[in-house]
**Q** 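Okay, here's the structure, questions in a sec.
Sequence lines set the chain letters: A, B, ... in the order given, protein chains first and strands last, and positions in each chain run from 1.
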Amino acid sequence: MTATTPEANDDGARVPRAMPATYEPADVEERIYREWEQAGHFRPSGGERPFTIVMPPPNLTGELHMGHALTVAVEDILVRWHRMRGDDTLWLPGVDHAAIAVNTLVERELAAEGLSRHDLGRERFLERVWEFVNRSRSRISVQHRRLGASADWERERFTMDEGPRRAVRQTFVTLYRDGLIYRGERIINWCPDCQTALSDLEVEHADEAGSFWHIRYPLADDAGAATDEHLVIATTRPETIPADTAVAVNPEDPRYAHLIGRSVVVPAGGRLVPIVGDEAVSLEAGSGALKVTPGHDPVDFEIGERHGLPVLSILTPDGHLNEEAGEYAGLERFAARDRVVADLQARNLLERIEPYTHAVGHCQRSGTIVEPIVSEQWFMRVAPLARPALDAVHEGRIRFVPPRFTRTYEHWMENIRDWTISRQIWWGHRIPVWYCDDCDAVTVAVEDPNRCGGCGGAAIRQDEDTLDTWFSSALWPHSTLGWPDPDAPDLPRFYPTQVMETGYDIIFFWVARMVMLSLYNMRGEVPFDTVYLHGLVRAEDGTKMSKSHGNVVDPLSVIDRYGTDALRYTVVASSSPGNDQRISDQRLEAGRNLANKLWNASRYVLSMVEDGDELALPAPPAGADPALPVEDRWILSRCERLVETADELLGKLELAEALRQLRDFFWEEFADWYIELAKVRLREGDRTPLPVLVHVLDRLLRLFHPFMPFVTEEIWQRLVERRPDPEAAPMLIVARYPEPDPAASWHDAAAERELAAAQDFVRAIRNIRAEKHVEAGRWVAAYVVGAEALETARALAPAIEQLARVRPLHVVATADEAPSDGVVTTVLPVGRVVLPLGGLVDAEAERARLGAQIERLAGEIARLEGKLANEQFRTRAPAEVVAKEEERLATARQQRAGFEGSLAELG
RNA sequence: GGGCGAUUAGCUCAGCUGGCGAGAGCGUCCGGUUUACACCCGGAAGGUCGGAGGUUCGAGUCCUCCAUCGCCCACCA
């Protein structure tokens, strides 16, 4: 609690800690974070409404990406906001095991030692992985702390821990029993580099320039010998020719229909295969005849099934051709392609080569070109799960922000295909299935069995494969809360969670699957009600950040340079949901500058406070207290409106807009105007602005805190040394967030109007000074002619003098009372300002200036007159719009008359 | 082949259900050691809101078409 206890000197008097002139995040952040953590403020407080966020798994590779930093920032903002509102907030940090990525990294480490995982064997390999993972995990939690994540670290969840592992197994078993998980031989995507099966989602298609080889397939005669006739077949993958088991043509195709039933000689390998007719063959594409390679092409696989064709597999797991490929056996797949082409050419079977650009599937992880191969894998039948997942969105039980992603989600769900869930890697949740050496039974169980569920024999072996990482990720919202433990206390309290925050690139991988499997496991209860999707964070040049481009901006180095608050500000203020943003030093500087400005404005306010100052703000009467100076009533009114705006925007998850509003109020109204106005009084020994300064500062710190937690906490703790929190909150993180006052007691429209008038006067004078190059240090006399704003101008005269650097300031009621010789005049809607600048004024120039103003106003008047003369406008536009235009017209006319008067006086 | 997004000041972007005399930050220009802050203060310049139609009293905002850029989905060889 040292932070809330001011240092005492020998007399026991309070000695406020010094505040350096520049805010230094590095001196503050780590200490503040420890204070929060030690005080236990990250744990649920037991408030009435639960608010839950489960932190998305960061990248276990140990690198922190900007996208994840944004996720953490947004979630932390929401968590802090809810916590300050008294909600029972639970934020569980978690790590998923990122199976393929980790596997690859560890294998790479091994390769550097000249080893492969097979040299180590499963057990020793997994030991290596755990070493790696533990290193990464500690790095990850440090990273999150530095981002300011106010999560309950003591309850960190890792999907490979016991609890989540039970959840994975339980889900697998239930799905299996419900017939939604099955094992089968299908054509799947295979990455020869990662040497595992991949789901469709993990394959990224990219257009690549390649070739279209047009190849002659000789027709065979009845005896099976090649004839001189041939069929031309086009392919982009000649290396698969040895696996051809048929040629297919469209039965409607007049060119080829008569050939159905005959055979061709496969030009590589020489096997004799039939010509079949199949509707799937396009009449337009290629040459119209298709080579059928069921072992290495998904379309062909289906054709093969329809015609009972044999399936030939000619690829080894690492992408070489196997003995089925005959003379090409042992060649790497692309070397084989070249060889096949060369052979065909030599035998005059290559008709032509056409340049061709087509989509090629790449492994998301390794970038290697994936191969479709036939393999025995585990699959999840997702169509039955998709139905309730669609309903949940249709019925509005889950809402997307921004809503346009609803369609993306629906489209995917409606066209969903079975999910390949088994992976041939070792790190991951092992498939809870055991096979028996003595019988055909498979045992599927949550607990490791010791005998076969079929024959009871002890000779059982567990399936070697592991599950797709996204399988366990899909359980995240409930598995982290303790499911399937029936006594898990968090589950009934904190499930469903409220907001799921993530990048839109991950809707299918994660969001959709969380919805499906959570609904399934949680008896139809949705995992979260809102999916908030942020855009991608791009590099300064607009390209995607990637290591190969070398344009990755590391959040930690940004924090080192600018501070966490600056990073959070930048990344949140410039992000609207679903839209990408670019990050640059310039933007980060803006964030740092704001933190510094907060620091300095606070420094000023706090430096003004002395022992014995009255800091309590009188409670507002039903209306704002007319006894208070107008600027006090103004800022209090504006501040109340800010609270209302922030409340509304945060409720709508419009974080960026809320932050902009906070910034604008703080900088432009509080710092630039109110503090400057207050200085005038304080210099004269009037202490009455202090309660207002302290009050507004206090509200601002609270409002800003979720966004910029460190600088606000550091300041606030110094603030409460001077004026304790009314609710005795020990730290800002658990102080009360400002909420709108239902009575709107501080609203004061009159004060807002009056102060706006004073601002107009000041700006007009400053404008004239700048335009006429009056030296900034020089004090000149000025006249303010105010009709309705007269009283305000009088009351604020000392402030206007100070802010506009005019002295003496004459506040007069009519223009006659101001001089007209050697003056510069500006007519405002609220009155006019007259600056007698004598020798500085060139009468000719002033005439021109006034003339230009008159002309500008004349244009506006004409426009408004035209609009108001339009009967259609008067009848169809809402009355208040018409009234507004009429008022504008009146004001413009009045202003013009004022300028014309000044012009006439000039002669 | 389908779908989505972007196009607003020199740059990066806000502008929610149509009322906008279109905003911000950075940059530019002019002027400032006013004892919180030069990571600052004051002032200014700068946009026919990608193009063409349409709906409307009124369009940056809604509709149609087009152009450019980007993304996602898709088994067409």
**Q** Could you give the distance separating B:C30 and B:U55 at their P atoms, to the nearest angstrom?
**A** 50 Å

**Q** Base of B:A24, side chain of A:Glu668 - is there a donor-acceptor contact under 3.5 Å?
**A** no

**Q** Closer than 4.0 Å, any side-chain N/O of A:Trp667 to the OP1 or OP2 of B:C41?
**A** yes

**Q** Checking all strands, does A:Glu676 fall into the base, sugar-phosphate, or nothing category for heavy-atom contacts under 4.0 angstrom?
**A** base

**Q** Describe the nucleic acid contact of A:Thr236 in one word from base, sugar-phosphate, nothing, applying a heavy-atom distance below 4.0 Å.
**A** sugar-phosphate

**Q** Quick one: what's the B/S/- string for nucleotides 2-11 of chain B, heavy-atom cutoff under 4.0 Å, read 5' to 3'?
**A** -SSS------

**Q** Which is true for A:Thr293 with a 4.0 Å heavy-atom rule: it touches a base, it touches only sugar-phosphate, or it touches nothing?
**A** nothing

**Q** When the C1' atoms of B:U61 and B:G19 are compared, how many Å lie between them, rounded to an integer?
**A** 11 Å

**Q** Regarding A:Arg592, tell me which of base, sugar-phosphate or nothing describes its non-hydrogen contacts under 4.0 Å with the strands shown.
**A** base

**Q** How far, in whole Å, is B:A6 from B:G51 if one measures between their C1' atoms?
**A** 16 Å

**Q** Using atom C1' of each nucleotide, how far apart are B:U33 and B:G27 to the nearest Å?
**A** 25 Å

**Q** When the P atoms of B:G50 and B:A59 are considered, how many whole Å apart are they?
**A** 15 Å

**Q** So does A:Tyr356 get a side-chain nitrogen or oxygen closer than 4.0 Å to the phosphate oxygens (OP1/OP2) of B:A77?
**A** yes

**Q** When you check the phosphate oxygens OP1 and OP2 of B:C13, does a side-chain N or O of A:Arg660 lie under 4.0 Å from one of them?
**A** no

**Q** Any base atoms under 4.0 Å from A:Pro372, or only sugar-phosphate, or nothing? Heavy atoms, all strands.
**A** nothing

**Q** Look at the side chain of A:Asp672 and decide which nucleotide, out of B:C30, B:G42, B:G19, has an atom nearest to it.
**A** B:G42

**Q** Test A:Asp244 against A:Thr293 for side chain to side chain donor-acceptor pair (under 3.5 Å), laying out the working first.
**A** CA-CA 4 Å; A:Asp244 288 355; A:Thr293 320; 2.8 Å; yes

**Q** Could you tell me whether A:Val605 contacts a base, only the sugar-phosphate backbone, or nothing, with contacts defined as non-hydrogen atoms closer than 4.0 Å?
**A** nothing

**Q** In the strands shown, is B:U7 matched to any nucleotide by a Watson-Crick or G-U wobble pair with both distances under 3.5 Å, and which?
**A** B:A67

**Q** Start with the C-alpha gap between A:Asp418 and A:Arg186, add the side-chain angles, then the distance that decides, and say whether salt bridge (Lys or Arg N to Asp or Glu O under 4.0 Å) holds.
**A** CA-CA 11 Å; A:Asp418 286 2; A:Arg186 298 286 134 91; 5.4 Å; no

**Q** Does the side chain of A:Asn593 get closer than 4.0 angstrom to OP1 or OP2 of B:G25 through an N or O atom?
**A** no

**Q** Has the side chain of A:Lys597 got a donor or acceptor that lies under 3.5 Å from a partner of the other kind on the base of B:C39?
**A** no

**Q** Pick base, sugar-phosphate or nothing for A:Phe508, based on heavy-atom distances below 4.0 Å to the nucleic acid.
**A** sugar-phosphate

**Q** Would you please confirm or rule out a distance under 4.0 Å between OP1 or OP2 of B:C20 and any side-chain N or O of A:Lys884?
**A** yes

**Q** Is it the case that A:Asp278 and A:His307 place a side-chain donor and acceptor less than 3.5 Å from each other?
**A** yes

**Q** What integer number of Å spans the C1' atoms of B:G18 and B:G54?
**A** 15 Å

**Q** Does a side-chain N or O from A:Lys679 land closer than 4.0 Å to OP1 or OP2 of B:U35, or not?
**A** no

**Q** Do the charged groups of A:Glu371 and A:Arg237 touch, with an N to O distance under 4.0 Å?
**A** yes

